[in-house]
Amino acid sequence: SLCKRKGLHYICLPATDKGTRELTSSKVHRRNSNTAGPFGSFYSKMSDSAGEIRQRYVDEVNEFDTLISAVVPLIKEYQLQNGRADDIKVVEFLKPSELAEALDVTLRREGESTEKIVEHVKHALKYSVRTSHPRFFDKLYAGSDPVGQVGELLTAVLNTNVHTYAVAPAMAVMEQEVIKSMAAQVGFNRDTADGILCPGGTFGNMSALMVARNEKFPHVRLEGWRPSDQPVCFTSAQAHYSIKRAAMMAGMGMNNCVAVAADAHGCMLAEQLEAAVEKAVSEGKTPFFVSTTAGTTVMGGFDPFGAIRTIATKHGMWMHVDGAWGGSCIMSAKHRKNMAGCENADSLLWNPHKGLGVPVYASALLTNNHKGALERANNSSAEYLFHKHEASDYDLGDKSLQCGRRADALKLWLSWKRHGIAGFERRIDTAYDHAAYIATEIKKRSHTMALVVEPMSCNIAFWYIPAASREQFATGGYNACYKELDAVTGVIYAKMQEAGTMLVNFNPLSDHGLPRFFRIIMCQPRVERQDLDFVLNEIERLGAAADRETAEEKQ
């Protein structure tokens with residue numbers, strides 16, 4: 001009552017060995033220690049401060065404390081449930097209309113209580129795909145680890161924009177160190193390498209093409225394309241679709257992005273590239289960019305970087321490496337051989353949120369011996385934002401097409417600090433070992449399954465062979481039962497999704513005319529061999545059910 005009359009704010013402090021501290025008339029907001037939460041010791045340390053804390057900040061911290069105290073146990077429970085792979089599904093699958101109702105997805109005029117928000121959190125956890133589950137093999141990422149999760153939380157709390165040093169000094173310094181260290185791992189010269197963190201691999205690939213365009217056609221940035229330019233770029237037929245999108249965004253059109261033939265492993269054929277470039281030149285076009293791939297999305301193939309570098313140099317083309325998925329193998333002494341020759345590329349994209357388990361997204365575009373190329377391609381002289389000063393090298397915004405940029409360096413920097421190159425190497429080696437194991441197990445089940453090709457990295461592509469087609473497959477391969485292989489893959493996938501016990505994607509390979517097949521992605525560090533055996537057993541079980549349904553339909 002005294003404090004209220006005096007206009008003061010207070011809370012009770014924790015009891016000490018001398019008993020409960022007396023309430024003071026200091027203008028310091030203090031918090032009741034009886035309220036559970038992680039900030040009790042923080043408030044205790046502040047108790048001797050003579051400064052005033054504004055009530056709004058006390059209220060926000062109290063709300064954060066309430067939410068975090070309720071949500072952290074839910075997250076712990078959620079993560080521990082993932083460790084009960086036999087009991088917990090990868091996904092509680094609902095149709096969109098059912099999901100909207102279960103989530104109470106409608107947004108309203110009035111806000112809700114923190115208790116209600118915690119209920120929404122519970123539902124979000126319940127109905128989301130468990131990417132940390134040891135039987136999630138669907139995509140080129142799988143869960144995240146604790147240090148990265150803490151980094152994401154801290155990024156949200158700091159909530160700054162990494163465009164100028166003035167508003168993000170720590171993040172700018174971290175980002176520069178991350179870029180230089182990644183470049184050094186690739187084999188670029190740390191002193192002459194440059195780069196920028198990007199909001200995903202598609203943006204990074206587009207940025208690489210924009211830089212290459214500016215180096216070859218510097219007038220385009222201000223004037224646009226001239227009729228005499230006739231630009232053309234090249235990439236593998238199995239490259240990520242973002243390369244064609246980059247051509248679209250650059251204003252040159254997707255038809256001027258030439259798809260070069262690749263082998264069944266996904267590796268671009270260098271002789272086919274040479275032929276395609278020479279054909280374009282004979283048609284009066286100007287080759288300026290070739291995008292190679294380190295770890296194709298479907299087959300996991302690595303292009304012959306050395307041979308392509310020779311062709312690129314001969315024709316004056318910028319050579320880019322899309323290492324979004326496979327680039328992380330550069331951390332492994334055993335498997336970095338897949339990247340041989342990429343050290344001579346002009347630029348390289350690398351997504352640590354894929355192979356290294358950093359939370360989505362963490363994506364870096366690196367340039368090799370092209371200092372200033374990013375700024376030359378992207379800057380627009382925003383005088384209100386960028387001012388010359390002694391730390392101008394850390395004003396990173398002009399290297400990117402973005403203005404708003406998340407502080408993605410923090411979680412990546414913390415993850416590298418926590419694991420080191422040695423820890424990342426163990427993760428990569430484990431993934432490759434698991435890929436080799438499951439490929440061997442598939443070959444042991446030759447009666448019911450068949451590899452599409454021997455895996456080059458961590459993508460395992462295989463078919464389930466329907467019972468009625470096994471004799472034809474044994475004698476004539478996939479062409480003898482093309483429709484049956486294609487159909488049963490879709491049926492099994494639908495059954496798998498409905499069951500929710502695991503998640504494995506399926507793909508076609510249209511440039512080779514293959515029927516759809518299953519594709520297991522091996523980057524999940526929590527996997528044990530029993531999980532790999534489960535996947536194959538479950539596909540056989542679901543396949544047998546599909547076989548019975550097919551047989552019944554024919555009766």
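Just so you know, these numbers use all the heavy atoms, side chains as well, and skip hydrogens, waters and symmetry mates.
- With H133 contributing its side chain and I88 its backbone, the two residues share a donor-acceptor pair below 3.5 Å.
- Side chain to side chain, D395 and T164 fail the donor-acceptor criterion of an N or O pair below 3.5 Å.
- Residues M522 and D433 fail the side-chain proximity criterion, which asks for heavy atoms closer than 4.5 Å.
- Rounding to the nearest 0.5 angstrom, the gap separating the CG atom in L451 from the CD1 atom in I460 is 9.0 Å.
- In this structure, H353 has its ring center no closer than 6.0 Å to that of Y361.
- Under the 4.0 Å criterion applied to side-chain N and carboxylate O atoms, R309 and D346 are assigned as salt-bridge partners.
- Checked for salt-bridge contact, E343 and R336 miss the test: no charged N lies under 4.0 Å from a carboxylate O.
- Of all heavy-atom pairs between L401 and M206, the closest is CD1-CE, 3.7 Å.
- Contact annotation: the side chain of Y78 approaches that of R130 to within less than 4.5 Å [non-hydrogen atoms, C-beta and beyond].
- The pair D194-K399 meets the salt-bridge criterion, since a charged nitrogen lies less than 4.0 angstrom from a carboxylate oxygen.
- Between K334 and D429, no side-chain nitrogen of the basic residue sits less than 4.0 Å from a carboxylate oxygen of the acidic one, so the salt-bridge criterion is not met.
- In summary, the aromatic rings of Y493 and F506 are positioned with their centroids under 6.0 Å apart.
- With hydrogens and angles disregarded, no donor-acceptor distance shorter than 3.5 Å links the side chain of N214 to the backbone of V211.
- For the 3.5 Å distance criterion, the side chains of S328 and W350 qualify, holding a donor opposite an acceptor.
- Under the 4.5 Å side-chain criterion, counting only non-hydrogen atoms from C-beta, V118 is in contact with L67.
- Across A168 and T160, no two heavy atoms sit closer than the pair CB-CG2, 3.9 Å.
- Every residue two or more places apart in sequence or in another chain was checked for a ring-ring contact (aromatic ring centres under 6.0 Å, His included) with F305, and none qualifies.
- Residues C233 and L209 form a side-chain contact, since some pair of their non-hydrogen atoms from C-beta on lies under 4.5 Å apart.
- The closest donor-acceptor contact from the side chain of R213 to the backbone of A208 lies at 3.5 Å or more, if one exists at all.
- The line from CE of M210 to CZ of F203 is 9.0 Å long, rounded to the nearest 0.5 Å.
- Using a 4.0 Å cut-off between charged nitrogen and carboxylate oxygen, K126 and E92 do not count as a salt-bridge pair.
- In terms of heavy-atom proximity, N368 sits nearest to A345 at ND2-O, 3.0 Å.
- By the 6.0 Å and 45° rule, R135 stacks over the aromatic ring of F534.
- Using modelled atom types, one finds a donor on one side chain and an acceptor on the other under 3.5 Å when comparing H320 with N205.
- Contact between H265 and M299 at its shortest, heavy atoms only, is O-CB, 3.3 Å.
- There is a side-chain donor-acceptor pair under 3.5 Å between N82 and Q79.
- Judged purely by distance below 3.5 Å, without hydrogens or angles, the side chains of R445 and N537 pair a donor atom with an acceptor atom.
- Rounding to the nearest 0.5 angstrom, the gap separating the CZ atom in R426 from the CD1 atom in I421 is 12.0 Å.
- A donor and an acceptor atom, one from each side chain of T296 and Q238, are nowhere located under 3.5 Å apart.
- A salt bridge links R541 with E538; the closest basic N to acidic carboxylate O contact falls under 4.0 Å.
- With salt bridges taken as basic N to acidic carboxylate O contacts below 4.0 Å, one links E175 and R405.
- S69 and D65 get closest at one heavy-atom pair: OG-O, 2.6 Å.
- When the ring-ring contact (aromatic ring centres under 6.0 Å, His included) test is applied to H370, the partners found at least two apart in sequence or on another chain are W318.
- Looking only at side-chain heavy atoms (C-beta outward), N351 and K354 come within less than 4.5 Å of each other.
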For a side chain to side chain contact (heavy atoms under 4.5 Å, CB included) check, start with the C-alpha distance between I196 and I179, then their side-chain angles and the critical distance, and finish with the verdict.
CA-CA 7 Å; I196 193 77; I179 291 294; 5.6 Å; no

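- Judged purely by distance below 3.5 Å, without hydrogens or angles, the side chains of S181 and E177 pair a donor atom with an acceptor atom.
- By the 4.5 Å heavy-atom criterion applied to side chains, W325 and C523 are counted as neighbours.
- H419 approaches V147 most closely through the heavy-atom pair NE2-CG1, 4.0 Å.
- Between H335 and Y432, the ring-plane angle classifies as parallel under the 30° and 60° cut-offs.
- Using modelled atom types and a 3.5 Å distance limit, the side chains of T192 and N369 yield a donor-acceptor pair.
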